[in-house]
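Notes follow the structure.
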Amino acid sequence: MNLTNTNRFQGIRTPFYYYDTDVLRQTLNVINEETKKYPGYFVHYAVKANANIKVLKVINEAGLGIDCVSGGEIEQVQKAGFPANKIVFAGVGKSDWEIELGIDNDIFCFNVESIPELEIINEIAEQKGKIANVCFRINPNVGAHTHANITTGLAENKFGIAMEDMEKIIDLASQMKNVNFKGLHFHIGSQILEMDDFVALANRINELQDKLESNGIKVEIINVGGGLGIDYVNPQENPIPNFKDYFETYNKNLKLRPGQTVHFELGRAIVGQCGALITRVNFVKQGSVKQFAIVDAGMTDLIRPALYDAHHKIINLTSQATEEVYDVVGPICESSDVFDKDIKLNQVKRGDLIAMLSAGAYGEIMASSYNCRKLPVGYTSDELK
Ligand SMILES: *Cc1c(COP(=O)(O)O)cnc(C)c1O
């Protein structure tokens, strides 16, 4: 991402998010180039990663579908121009109003996570005289090499329907008048960089498909979820994730039946590298054993370090002075309000602008107003020239 021209940030209240739309558009181009090779592959952007309307509009222009996990997200993506027939709607605890919203808008598909949910969708669809498309989210009991808080595909996780109940729920759906069984949905976790994890998922899907086929059950849609990770260590060198390998891995390992389509729900991989959190240094404090760069952004603006032990590459945009070692901390009254410890930055002084890179995903959208702080605003490079 291009952060060389800091003049464009003059007069803007820090902290704020900055989105480089060149990076975003290049990322989307690569996705479209790679999926073109495989007919039937279709990518939905997982909007929970970043719901900034300016970002959404760029993604919609590229023709992607969309993956929502709440009614609020369905409303937001429609504001950004996404057509309802490209919306898939996941979530382990959908409320009635959210199900109604999906049915009223004739969304592409509900990703259903339990039998009680299926019954309620059927009931609400019946009241409305409609038929809702459903996929079943199956818990494949496949681990992912990622942080424990972001694995979702293990038997112990709350997500999805147990594999042994798969045929039971498909059978139930076939007896219901107002739902239409379309296919299977999976999602094993986030920030996954080992292609072998996706191979394991593809193998599991193959097994499940063989089982269904032997029982004469037809599946139209295979939705493999998202989870492709990004390079948080060297974001400037690797701004675009390895989509080539990712789609190739599925193409090599996932066995499709005639007419089947494969749906992907990528969040972080699409928006992660286009965003940075820009913050200003309020004070440099010499502690007894540490030197602190105290910035005006806190865990309320970017919670990933506090929540997931995540590391964002931090750089000083103002100074080229010799590097020194700092703990970069925020102003929030919590000990976990630390962005990183013992990192090297070009010598920092009060007023310097600092960028936290790779913050386009699960950054702005997770901001809170704890401590009565103002929410950070997100600006795009199209706006700030
Ligand atoms: C969070 C989520 C995604 C997106 O995950 P990323 O790691 O950002 O790609 C996709 N599908 C479902 C069901 C999710 O919950």
Side-chain angles (χ1 to χ4, degrees), residues 44-53 56 65-139 149-153 156-162 165-166 168-170 172-173 175-190 221 223 225-226 263 265 267 303 307 361-362 364-370 375:
H44 299 255
Y45 166 59
V47 63
K48 78 170 190 276
N50 186 322
N52 184 302
I53 192 139
L56 288 179
I66 196 97
D67 164 39
C68 296
V69 294
S70 74
E73 285 187 357
I74 293 176
E75 289 168 348
Q76 176 74 352
V77 303
Q78 290 192 293
K79 263 186 230 153
F82 283 91
N85 66 9
K86 286 184 179 174
I87 298 175
V88 292
F89 182 16
V92 69
K94 300 177 187 77
S95 295
D96 289 12
W97 75 268
E98 296 178 307
I99 294 170
E100 286 180 23
L101 184 69
I103 292 173
D104 287 341
N105 282 285
D106 299 313
I107 63 167
F108 177 63
C109 197
F110 286 88
N111 290 330
V112 175
E113 304 213 13
S114 66
I115 290 173
E117 182 192 336
L118 177 69
E119 288 168 346
I120 294 300
I121 292 176
N122 184 59
E123 204 178 296
I124 294 175
E126 188 183 348
Q127 287 160 11
K128 294 180 179 290
K130 292 209 175 185
I131 295 175
N133 288 333
V134 294
C135 282
F136 295 124
R137 177 169 182 174
I138 307 298
N139 185 326
N149 286 3
I150 50 177
T151 66
T152 56
E156 68 199 50
N157 296 129
K158 70 177 176 182
F159 299 102
I161 294 156
D165 295 333
M166 174 178 71
K168 184 171 144 199
I169 195 168
I170 294 172
L172 260 174
Q175 295 164 32
M176 295 178 178
K177 290 206 171 62
N178 297 82
V179 293
N180 179 23
F181 169 66
K182 296 289 272 186
L184 304 178
H185 172 238
F186 305 86
H187 177 64
I188 56 172
S190 202
I221 293 174
N223 183 333
H263 295 248
E265 300 170 338
I303 202 174
L307 194 59
Y362 308 106
E364 183 184 354
I365 192 68
M366 282 187 156
S368 80
S369 55
Y370 179 46
L375 289 174

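For the numbers below, each heavy atom of this structure counts, side chains included, while hydrogens, waters and symmetry mates do not. Starting from 1, each residue takes its place in the sequence as its number. Given the structure is predicted, the values throughout are model-derived calculations rather than measurements.
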Requested in this report: Evaluate the side-chain contact (heavy atoms from CB on, under 4.5 Å) criterion for residues I169 and F181: first the C-alpha distance (whole Å), next the side-chain angles of each, then the deciding distance (0.1 Å), finally the verdict.
Outcome: CA-CA 10 Å; I169 195 168; F181 169 66; over 6 Å; no
**Report entry** Check against side-chain contact (heavy atoms from CB on, under 4.5 Å), L56 and K79
**Finding:** CA-CA 9 Å; L56 288 179; K79 263 186 230 153; over 6 Å; no
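Between F136 and L118 the shortest side-chain heavy-atom distance falls below 4.5 Å. Contact check for M166 versus L184: side-chain heavy atoms found under the 4.5 Å cut-off. Taking 4.5 Å as the limit, every side-chain heavy atom of E126 sits out of range of all side-chain heavy atoms of K177. Side-chain contact between F110 and I103 is present, with at least one heavy-atom pair separated by less than 4.5 Å. Residues I74 and E98 are not in side-chain contact: their nearest non-hydrogen atoms beyond the backbone lie 4.5 Å or more apart. A 4.5 Å side-chain heavy-atom check between I161 and K168 finds every atom pair outside the cut-off. Under the 4.5 Å side-chain criterion, counting only non-hydrogen atoms from C-beta, H185 is not in contact with H263. At least one side-chain heavy atom of K128 sits under 4.5 Å from a side-chain heavy atom of E100.
Checked by atom type and distance alone, the side chain of E73 pairs as donor or acceptor with a backbone atom of V69 at under 3.5 Å. Judged by distance alone, with hydrogens and angles left aside, the side-chain atoms of Y362 form no donor-acceptor pair with the main-chain N or O of I303 at under 3.5 Å. Between the side chain of N105 and the backbone N or O of I107 there is no donor-acceptor pair closer than 3.5 Å. Counting only distance, with no hydrogens or angles, the side chain of E364 and the backbone of N52 share no donor-acceptor pair below 3.5 Å. When atom types are taken as modelled, the side chain of H44 and the backbone of K86 share a donor-acceptor pair closer than 3.5 angstrom. At distances below 3.5 Å, at least one donor-acceptor pair connects side-chain atoms of N122 with backbone N or O atoms of N178.
Rounding to the nearest 0.5 Å gives a distance of 13.0 Å between CD1 of I115 and CD1 of I120. Between C135 atom SG and I221 atom CD1 the span is 4.5 Å, to the nearest 0.5 Å. A distance of 5.0 Å separates CG of N180 from CG of N133, quoted to the nearest 0.5 Å.
Across all non-hydrogen atoms, the minimal contact from N50 to Y45 is O-OH, 2.7 Å. Annotation for I365 and A49: closest pair CG2-O, 3.4 Å, computed over non-hydrogen atoms. Here the closest heavy-atom approach between residue C68 and residue V77 is recorded as SG-CG2, 4.0 Å. Among all heavy-atom pairs drawn from N85 and F108, the shortest one is O-CB, 3.3 Å. The two atoms that bring G71 and L101 nearest to each other are O-CD2, 3.4 Å, heavy atoms only.
Results of the side-chain contact (heavy atoms from CB on, under 4.5 Å) test with K130 over I124, V179, D106 single out D106 as the only residue that passes. Remark: of the listed residues K182, E117, E265, E265 is the sole one forming a side chain to side chain donor-acceptor pair (under 3.5 Å) with N111.
For the pair K94 and F89, the cation-pi test (distance below 6.0 Å, angle within 45°) is passed.
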